[in-house]
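These notes concern the structure reproduced below.
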Amino acid sequence: MIVYDKKYDVIVVGAGHAGCEAALAAARIGCSTLLLTINLDAIALMSCNPAIGGLAKGHLVKEIDALGGEMGRNIDATGIQFRLLNTKKGPAVRASRAQADKQLYRLRMKNVMERQDRLDLKQGEVTNLHLEEGHAAGVDTRGGVRFLGKTVVLTTGTFMRGLIHIGLVNYPGGRAGDLPSIGLSERLMDYGFDVGRLKTGTPARLDARTIDFSRLEPQYGDERPIPFSFDNDRIEQPQVPCHVAYTNPKGHDIIRSGLDRSPLYAGIIEGIGPRYCPSIEDKVVRFPEKDRHQTFLEPEGRETVEVYPSGLSTSLPIDIQWAFYRSIEGLERVEIMRPAYAIEYDYVNPIQLHASLETKLLGNLYHAGQINGTSGYEEAAAQGLMAGINAALRVQGKEPLLLGRGDAYIGVMIDDLVTLGTREPYRMFTSRAEYRLLLREDNADLRLREQGHAVGLVPEETYARFVAKKELIETELERLGKERVTPSAAGEELLTEWGLLGMQNAISYVQLLRRPDFTCQELARVYPRIMELPETVREQLEIQIKYQGYIGRQLEQVARAVKLEGAKIPVEMDYLAIPGLSTEVREKLARFRPDTLGQASRIPGVTPAGITILSIALKARGGK
């Protein structure tokens, strides 16, 4: 084994969306960082859908950006269609989504990383960890090189023992066209990690030249696209449409005819697939009463004819794929450029992680992305960012950055993973966040910019703009509470229009804006200056005023929960020695090894009475 002559602060294994954020974060914070990947040409490659964001996922991207990550800026620069989802619903569940030019997205991210100070990029397959005194101290590659590092972040995606399935044919691969990673997951098992098997899939890629788009329904982006990054004011590049198509009974019959050769139904696939993103054969079998399923035909870029049919992933044999895709109206002559496939891969149960994403078994080793059982680019990137931050902070001798459930969707996701673990691919949903009125897309910067600046990821100039925005919001909220409109100043005509005729006393601008359909534009009729404020500031004024009562109640709930999160549980806690705990509660606590009383309270089967007994035991040990 040849030892490389440079020792790094942080080594990141894998260059998917998690690896990119982890490596950039560590380098930007000031650590010498090495990124190792099997293929340098596949940095930030969109292996599945060419899109960023969506319900709850858009929240994650905004939070990544607020903390100083790169994903939001990258999609803003390379997106080809932007849409704000759930616009008719409340601000808590509105979400941004953008189609990407798949190759431009990859190339821009690669360029950003190549230009980043203190970051080295190298091609190589990691097959083992190098340990010193029970801590990660480097990695070994198949090429016989040992790279030494003070911390290691594993972001292996679907590569660990990856196995691709097309019908009854299967072959090793990290994704179509790439080699798998062999050896690393076996070593992790040797170290005591709980390694399991998951499965995901992707649709075929279709040739746009063989699709009759005139028979399909176009879907356009927003007229005024909203950027993901708080650093950007507008999207400059032109947008392109997607198209809507539908499956039909004929296609469903074709799918049923091939189920005997489906690896999913033949029992060949062992891994558990994503419940919320089923294959088309799974949809047809589980919902036989449905005559059709919708698909969006999404272009993979401006300079390619490849089209991604969302929602039509499958692992059926190629002849069934040909017949099925051609059964869809408008696709009767379609040609498949890349076949659909399923992929199985190894992951490590995330209950073996601390909230910092450092593993409990090996110090200085961090896991992020699909190795933790998650699905989705956004979930991976958010974990990568946090793992990179915390690995860098460990090197600097500082406390980790821990986000709670009341701080961010990132905090909700990490807490779900490390507290509950997962046996199926985990996906972020707004319903997972109990404080989702606080955790909106629009206020991600107000929630997280200060933490990003404190760890060194948000530059001074960016932070100064944020502080000015925050102070302007606070100043205007105070002004709107003081300024009042009198009946005489408003006039009878305006009072009638606003439903205030007969009003005796003056009414504050805040009281006006608290009305459901009253906007800043309406208020401008008596307070013209408000329209001179930036749109993002006006948005905050309206939301914070209209939802003040609800927001206040959720803040009180968060404050109560913080007390539980602050009660640390010693690593060596002997639950068997605590009198009064039931056998089930003892077993659950011993298995999950929660870091805090708050984590313990969220473990299924751990009762409120058990938490009370545990709290008393902690106080007896001298805890707070």
Side-chain angles (χ1 to χ4, degrees), residues 55-56 58-59 62 82-96 220-227 230 233-234 406 430-431 433-447 468-558:
L55 302 180
H59 291 72
K62 293 275 191 175
F82 291 76
R83 295 184 68 211
L84 184 61
L85 309 178
N86 278 350
T87 54
K88 294 181 180 179
K89 296 185 178 180
V93 294
R94 292 175 197 153
S96 301
Y220 299 96
D222 295 339
E223 287 187 17
R224 292 179 60 242
I226 299 173
F230 291 97
D233 295 324
R234 63 182 64 86
T430 55
S431 58
E434 59 269 48
Y435 309 121
R436 58 183 172 271
L437 190 54
L438 301 179
L439 310 182
R440 307 181 309 274
E441 271 197 7
D442 61 81
N443 71 349
D445 59 336
L446 297 175
R447 290 184 280 117
K469 172 186 172 180
K470 183 181 177 184
E471 290 176 350
L472 183 57
I473 292 169
E474 292 170 353
T475 300
E476 283 302 315
L477 280 172
E478 185 178 355
R479 189 194 310 276
L480 293 172
K482 291 179 179 179
E483 296 287 340
R484 298 178 179 276
V485 58
T486 62
S488 58
E492 187 174 324
E493 184 178 343
L494 195 55
L495 291 177
T496 302
E497 186 177 334
W498 287 351
L500 295 173
L501 194 63
M503 180 180 76
Q504 300 298 315
N505 301 315
I507 185 171
S508 72
Y509 294 164
V510 162
Q511 289 173 293
L512 285 172
L513 281 172
R514 198 168 286 149
R515 303 174 74 185
D517 298 324
F518 202 92
T519 65
C520 287
Q521 202 157 2
E522 286 289 303
L523 184 62
R525 297 167 74 177
V526 292
Y527 180 46
R529 182 182 179 278
I530 199 163
M531 295 306 293
E532 298 173 10
L533 300 174
E535 186 176 357
T536 54
V537 171
R538 298 200 305 271
E539 179 185 43
Q540 284 304 308
L541 295 176
E542 286 190 22
I543 291 173
Q544 292 189 33
I545 288 170
K546 290 185 190 302
Y547 295 92
Q548 183 180 18
Y550 300 105
I551 291 172
R553 282 195 288 275
Q554 289 208 340
L555 286 171
E556 291 173 5
Q557 293 168 0
V558 170

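With values rounded to the nearest 0.5 angstrom, Asn505 atom CG is found 11.0 Å from Thr486 atom OG1. To the nearest 0.5 Å, atom CZ of residue Arg515 and atom CH2 of residue Trp498 are 8.5 Å apart. Note: Glu474 CD to Glu476 CD = 11.5 Å, rounded to the nearest 0.5 Å. Summarising the geometry, atom CD belonging to Glu441 is positioned 7.0 Å from atom CG belonging to Leu84; distances are rounded to the nearest 0.5 Å. Within the model, atoms CD1 of Ile545 and CG of Leu480 stand 5.0 Å from one another, a figure rounded to the nearest 0.5 Å. In this structure, CG on Leu438 lies 4.5 Å from CD on Gln554, to the nearest 0.5 angstrom.
Residue pairs satisfying the salt bridge (charged side-chain N to carboxylate O under 4.0 Å, His left out) criterion with at least one member in residues 533-544, sequence neighbours excluded, are listed as follows: Arg224-Glu535.
By the 4.5 Å heavy-atom criterion applied to side chains, His59 and Thr430 are counted as neighbours. Two residues are said to be in side-chain contact when any heavy atoms from C-beta on lie closer than 4.5 Å; Leu472 and Pro534 meet this criterion. When side chains are defined from C-beta on, Asp222 does not count as touching Thr87, because their heavy atoms never get closer than 4.5 Å. Taking the side chain as every heavy atom from C-beta outward, Tyr509 and Arg479 never approach each other to under 4.5 Å. Side-chain contact between Lys62 and Arg447: absent, with no pair of heavy atoms (C-beta onward) separated by less than 4.5 Å. Contact annotation: the side chain of Tyr527 never approaches that of Leu512 to less than 4.5 Å [non-hydrogen atoms, C-beta and beyond].
Closest approach of Phe82 to Pro225, counting heavy atoms only: CB-CB, 3.6 Å. In plain terms, the two heavy atoms of Ser508 and Gly481 that are nearest each other are CB-O, 3.8 Å. What you find for Ala95 and Ala56 is that their closest heavy atoms are CB-N, 4.2 Å. Ser431 and Arg436 get closest at one heavy-atom pair: CA-NH1, 3.9 Å. Closest of all the heavy-atom pairs between Val93 and Leu55 is O-CD2, 4.2 Å.
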Residues Val485, Leu523; criterion side chain to side chain contact (heavy atoms under 4.5 Å, CB included); working and verdict: CA-CA 10 Å; Val485 58; Leu523 184 62; over 6 Å; no
Given Ile530 and Glu483, is the side chain to side chain contact (heavy atoms under 4.5 Å, CB included) satisfied, shown in steps? CA-CA 12 Å; Ile530 199 163; Glu483 296 287 340; over 6 Å; no
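For the residue pair Asp442/Gln540, the side-chain donor-acceptor check at 3.5 Å is satisfied. Judged by distance alone, the side chains of Arg440 and Tyr547 never bring a donor and an acceptor atom under 3.5 Å apart.
The neighbour count for Gln521 CD, taken as heavy atoms of other residues, nucleotides or ligands under 6.0 Å away, does not exceed 12.
Although no hydrogens or angles enter the test, the distance criterion places a donor-acceptor pair under 3.5 Å between the side chain of Lys546 and the main chain of Phe518. Lys89 places no side-chain N or O within 3.5 Å of a backbone atom of Arg94 that could act as its donor or acceptor partner.
Arg525 has a carboxylate O that lies under 4.0 Å from a charged side-chain N of Glu497, or vice versa, which qualifies the two as a salt bridge.
A side chain to side chain contact (heavy atoms under 4.5 Å, CB included) with Gln544 holds for exactly one of Asn443, Val510, Leu446; it is Leu446.
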